Every structure is written in structure tokens, then in C-alpha cells.
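Beneath this line is the structure, given in C-alpha cells, with notes to follow.
Keep in mind that the numbers below use all heavy atoms, side chains included, and drop hydrogens, waters and symmetry copies. Starting from 1, each residue takes its place in the sequence as its number. Treat the numbers as computed from the prediction; the structure is a model and nothing was measured.
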Amino acid sequence: MPANHRAFADRPDRYAEALDIDSGGDGERWRLAVAGEVDAVTGTQLREAVVDVLRRHCPRRLEMDLRRVAFLDSAGIRTLLLCHSEAERVTCQLRITDASPMVYRTLEITGLLVHLCVAPCASA
């Protein structure tokens, strides 16, 4: 049965609603939907959300939906790389799905599409 909950909804900062975590179909696949800006301020929250899913649910695959990410800077790229490393460490495949055109282009320019297992963007 799918479970939906807000990550860090009890935090008072303005980014508290930026992360949603939804369960996957069979428990081995989890989905993390991210909205807003991924930068030096929100990067820690995103990484904590990924680590929390990896520790509590031990998925084999974690899909990170970035379709509602409007901004990704170098700190956000670093966060994605750290999340990827955390997943690899526990033998979980982290895959970026539905990247917004801006995120897709940023990862394409930096040469990280293949490294971060980014699914093709329909708008790119």
C-alpha cells in the first residue's frame, strides 16, 4: 500500500514543504519528489531525506523526480552527487527521473547525465 508523507514538514524554515516522499509499488522501489530550488540552503534537507529513505526502507532503487525543480546550482549538483554516493554505498541504484529541462540541461553541460543515471527528458 502506498504511503505518502511530507519530509521535514515540522521544520519552521521556508523550505519545509520542498520535499515529498512517496512509496514505490513493491517496497523495493522508492520515489522522492523534489520541488523548488536545490542549492546550498536546501541541499542538506534533500540529502537527509535520501539518507532517511535508504536507512529506513533499504530500497534497491530510489527514483528522484526533479520535474518541479526550478533551480539547481553547483551546491545542488554536489548534493546530487553525495546522494548518489550514499545510495551506492548501500547498493541502491539512484536514478533521476523526470528532470525539468533546466536541470537536465545543467547535468548535460556538466557531463553528469550518465553518472547520475538521468532518464531522458521529454522536453530536452
Side-chain angles (χ1 to χ4, degrees):
M1 180 183 310
N4 302 318
H5 65 281
R6 294 258 183 220
F8 312 111
D10 57 338
R11 289 192 177 179
D13 60 45
R14 68 185 180 118
Y15 298 104
E17 301 274 332
L19 303 173
D20 295 325
I21 300 175
D22 302 315
S23 67
D26 62 8
E28 290 189 9
R29 187 182 79 187
W30 284 76
R31 183 174 167 270
L32 177 70
V34 183
E37 300 178 354
V38 182
D39 56 21
V41 176
T42 61
T44 300
Q45 289 179 348
L46 178 56
R47 186 170 178 210
E48 288 175 358
V50 168
V51 169
D52 182 58
V53 167
L54 294 172
R55 285 186 182 151
R56 290 206 287 151
H57 305 290
C58 304
R60 290 180 184 226
R61 182 172 172 156
L62 177 60
E63 295 178 355
M64 190 180 294
D65 180 336
L66 302 182
R67 83 180 79 192
R68 297 184 318 166
V69 171
F71 180 78
L72 178 73
D73 66 3
S74 59
I77 291 169
R78 180 179 184 273
T79 297
L80 294 178
L81 290 169
L82 290 170
C83 291
H84 183 265
S85 293
E86 292 285 349
E88 275 189 332
R89 193 172 55 80
V90 295
T91 63
C92 174
Q93 179 193 28
L94 186 140
R95 181 173 172 86
I96 295 175
T97 62
D98 298 320
S100 69
M102 186 279 310
V103 169
Y104 187 90
R105 182 69 179 135
T106 301
L107 297 176
E108 181 179 44
I109 289 169
T110 58
L112 293 172
L113 290 177
V114 173
H115 181 74
L116 293 175
C117 299
V118 180
C121 177
S123 303

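The backbone N or O of Val69 sits less than 3.5 Å from a side-chain atom of Ser100, completing a donor-acceptor pair.
Residues Arg47 and Cys83 meet the side-chain proximity criterion, which asks for heavy atoms closer than 4.5 Å. Glu63 is not listed as a side-chain neighbour of Asp98, based on a closest heavy-atom distance of 4.5 Å or more. By the 4.5 Å heavy-atom criterion applied to side chains, Ile96 and Cys117 are not counted as neighbours. Using a 4.5 Å heavy-atom threshold, the side chains of Thr79 and Val50 count as separate. Annotation: side chain of Thr42 is not in contact with side chain of Val34 (no heavy-atom distance under 4.5 Å). Using a 4.5 Å heavy-atom cutoff, the side chains of Leu81 and Leu112 are in contact.
Put simply, CG on Leu54 and CG on Leu32 are 10.0 Å apart, with the number rounded to the nearest 0.5 Å. The line from CG of Leu82 to NE2 of His84 is 11.5 Å long, rounded to the nearest 0.5 Å. For the atom pair Leu66 CG and Leu116 CG, the distance stands at 9.5 Å (nearest 0.5 Å). Here CD1 of Ile77 is found 5.0 Å from OG1 of Thr110. Values are rounded to the nearest 0.5 Å. Of the inter-residue distances, the one linking Arg29 atom CZ with Cys92 atom SG reads 12.0 Å to the nearest 0.5 angstrom. The CZ atom of Arg95 lies 12.5 Å from the CG atom of Leu62; values are rounded to the nearest 0.5 Å.
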| query | Between Leu80 and Met64, is a side-chain contact (heavy atoms from CB on, under 4.5 Å) present by the stated rule, with each step listed? | reply | CA-CA 10 Å; Leu80 294 178; Met64 190 180 294; 3.6 Å; yes
| Working for side-chain contact (heavy atoms from CB on, under 4.5 Å), residues Tyr104 and Leu113 | CA-CA 8 Å; Tyr104 187 90; Leu113 290 177; 3.7 Å; yes
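Heavy atoms from other residues, nucleotides or ligands lying under 6.0 Å from CZ of Arg60 number 12 at most.
In the hydrophobic clustering of this structure, Val51 does not group with Val90; members are Ile, Leu, Val, Met, Phe, Trp, Tyr whose side-chain heavy atoms approach within less than 4.5 Å, directly or through other members.
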